[in-house]
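Presented below is the structure to which this report refers.
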Amino acid sequence: MKPHILITGVSRGIGRACAEHFAAAGWDVSGVARNATALASMQAQWQRDYPDSHFCPIAADLATPAGRAAVPPLPYDVILLNAATYTPGKLLDTTTDHFAELLELNVLANHHLARLLLPPLIDRGTGHLVVIGSLGTDTWPGNMTAYLATKYALRGLFLGWQKDLAQSGILATLVAPGATLTSSWEGETPPENILPATAVAQLVWDVVARRTAGRIVIA
Ligand SMILES: NC(=O)c1ccc[n+]([C@@H]2O[C@H](COP(=O)([O-])OP(=O)(O)OC[C@H]3O[C@@H](n4cnc5c(N)ncnc54)[C@H](OP(=O)(O)O)[C@@H]3O)[C@@H](O)[C@H]2O)c1
């Protein structure tokens, strides 16, 4: 049977680059995003460019209970928790309602998905949980503090998952990229040394191929 990766936030940016990288290596990919049209166009791309890989689209809003419940708890070989929303802005300018929206997707959805998706891997005793964090939790640029507070909370969840999974046979890796050129940067001036999403995808591939656990930074 071919290896199978589940990727949240698969339709653009880092998630899309990871999907294409694993598909090119012959892995099957299940991918979650809200935009069903984008997912359908990915399916067409898969038939054309990655005939050795099956792409399973999951059109779901992970900020909602119904969307989270739409993700099937299969015994994936790799679970890549990548989906998040980024909005720039100083903390005192961020409304509580908006902060709650960020927390819902960037933190609570991942807690829910870990509880839903990890048990089949634990039963089997193998698998790899890869989480996309952020280098910003080390540097805390002031124009993205609310977003980074959610990524810091995710870093805390990751430490918990590491402990919970320590004796399970499941590896846990937190990949923390610096600025990466994706649609997250629309409307902003990206820094000159910004990473391409393919560089993060290569790192995710490497940590899976080399069975690397712990927190890994790329900038
Ligand atoms: N770009 C950077 O500079 C950077 C740096 C460090 C870390 N990161 C992290 O890298 C990860 C990916 O970021 P990115 O820049 O690649 O993002 P992106 O280009 O904005 O893509 C986000 C992906 O998530 C999906 N998504 C958004 N909201 C969703 C929801 N409610 N339910 C399901 N899917 C949803 C989007 O598809 P739909 O819109 O169709 O739902 C899209 O596929 C995030 O965890 C981010 O925090 C990014």
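Atoms within each ligand, like the ligands themselves, are counted from 1 in listed order. FYI, side chains are in, hydrogens and waters are out, and symmetry mates aren't considered; it's all heavy atoms of this structure. By convention here, the first residue in the shown sequence is residue 1.
- Of the protein's non-hydrogen atoms, the one nearest atom 34 (N) of ligand 1 is A33 CA, 3.7 Å.
- Within 6.0 Å of CZ on F99 lie more than 12 heavy atoms contributed by other residues, nucleotides or ligands.
- Near A84, meaning under 4.0 Å from any of its heavy atoms, are these atoms of ligand 1: 44 (C), 45 (O), 47 (O).
- Looking only at distances, no side-chain donor or acceptor of W185 sits under 3.5 Å from a matching main-chain atom of T182.
- A donor and an acceptor atom, one from each side chain of R210 and T212, are nowhere located under 3.5 Å apart.
- Looking at I14 next to ligand 1, an N or O pair under 3.5 Å apart turns up.
- Under the 3.5 Å distance criterion, the side-chain polar atoms of K2 are matched with a main-chain donor or acceptor of D52.
- An N or O contact shorter than 3.5 Å is missing between T85 and ligand 1 by distance.
- Among all protein heavy atoms, the one lying closest to atom 6 (C) of ligand 1 is P177 O, 3.2 Å.
- Within the 4.0 Å heavy-atom criterion, the part of K151 lying near ligand 1 is the side chain and not the backbone.
- Here the protein heavy atom with the shortest distance to atom 9 (C) of ligand 1 is I132 CG2, 3.6 Å.
- Among all heavy-atom pairs drawn from P73 and L116, the shortest one is CB-O, 3.5 Å.
- The backbone N or O of G9 lies less than 3.5 Å from a partner atom in the side chain of N82, making a donor-acceptor pair.
- For atom 42 (C) of ligand 1, the nearest non-hydrogen atom of the protein is S11 OG, 3.5 Å.
- Protein heavy atom in closest approach to atom 40 (O) of ligand 1: N35 N, 3.0 Å.
- Per-residue contacts place G13 under 4.0 angstrom from the following atoms of ligand 1 (heavy atoms of the residue considered): 16 (O), 19 (O).
- For atom 4 (C) of ligand 1, the candidate residues are T180, V32, T8; the nearest heavy-atom contact is made by T180.
- Using a 4.0 Å cut-off to heavy atoms of S183, the atoms of ligand 1 that qualify are 18 (P), 19 (O), 20 (O).
- Under the 3.5 Å distance criterion, with hydrogens and angles disregarded, no donor-acceptor pair is assigned to the side chains of H21 and T198.
- Regarding atom 25 (C) of ligand 1, its nearest protein heavy-atom neighbour is G9 CA, 3.5 Å.
- By the 4.0 Å N-to-carboxylate-O rule, R211 lies too far from D206 to be salt-bridged with it.
- At least one heavy atom of A60 sits closer than 4.0 Å to an atom of ligand 1.
- At a heavy-atom cutoff of 4.0 Å, ligand 1 is contacted by no atom of Y86, backbone or side chain.
- Contact atoms of ligand 1 toward Y147: 7 (C), 8 (N), 9 (C), 46 (C), 47 (O) (distance under 4.0 Å to a heavy atom of the residue).
- Below 30°, between 30° and 60°, or above 60°: for F22 and W205 the angle between ring planes is above 60°, a perpendicular geometry.
- Shown here for D28 and H54, the closest heavy-atom pair between the two residues is OD1-N, 2.8 Å.
- Using modelled atom types and a 3.5 Å distance limit, the side chains of R16 and Q45 yield a donor-acceptor pair.
- With a 4.0 Å cut-off on non-hydrogen atoms, A109 does not touch ligand 1 at all.
- Ranking protein heavy atoms by distance to atom 17 (O) of ligand 1, first place goes to S184 OG, 3.4 Å.
- Using the six-membered ring where Trp is involved, Y76 and H4 have ring planes that are perpendicular, over 60° apart on the 30 and 60° scheme.
- Ligand 1 has A179 within reach: a non-hydrogen atom of the residue lies less than 4.0 Å from it.
- Side-chain atoms of W46 and S53 include a donor-acceptor pair closer than 3.5 Å.
- Residue H112 qualifies as enclosed at atom NE2: its count of foreign heavy atoms under 6.0 Å is above 12.
- Closest to atom 22 (C) of ligand 1 among all protein heavy atoms lies R12 NH2, 3.9 Å.
- Near D61, with a cut-off below 4.0 Å to any heavy atom, the atoms of ligand 1 are 30 (C), 31 (N), 32 (N).
- Ligand 1 has G133 within reach: a non-hydrogen atom of the residue lies less than 4.0 Å from it.
- The shortest N/O to N/O separation between R34 and ligand 1 falls below 3.5 Å.
- Salt bridge R115/D164: absent, no basic N to carboxylate O contact under 4.0 Å.
- Heavy-atom proximity to atom 45 (O) of ligand 1, evaluated over L154, L105, N82, L62, is greatest for N82.
- Distances from ligand 1 to the non-hydrogen atoms of G178 include at least one value under 4.0 Å.
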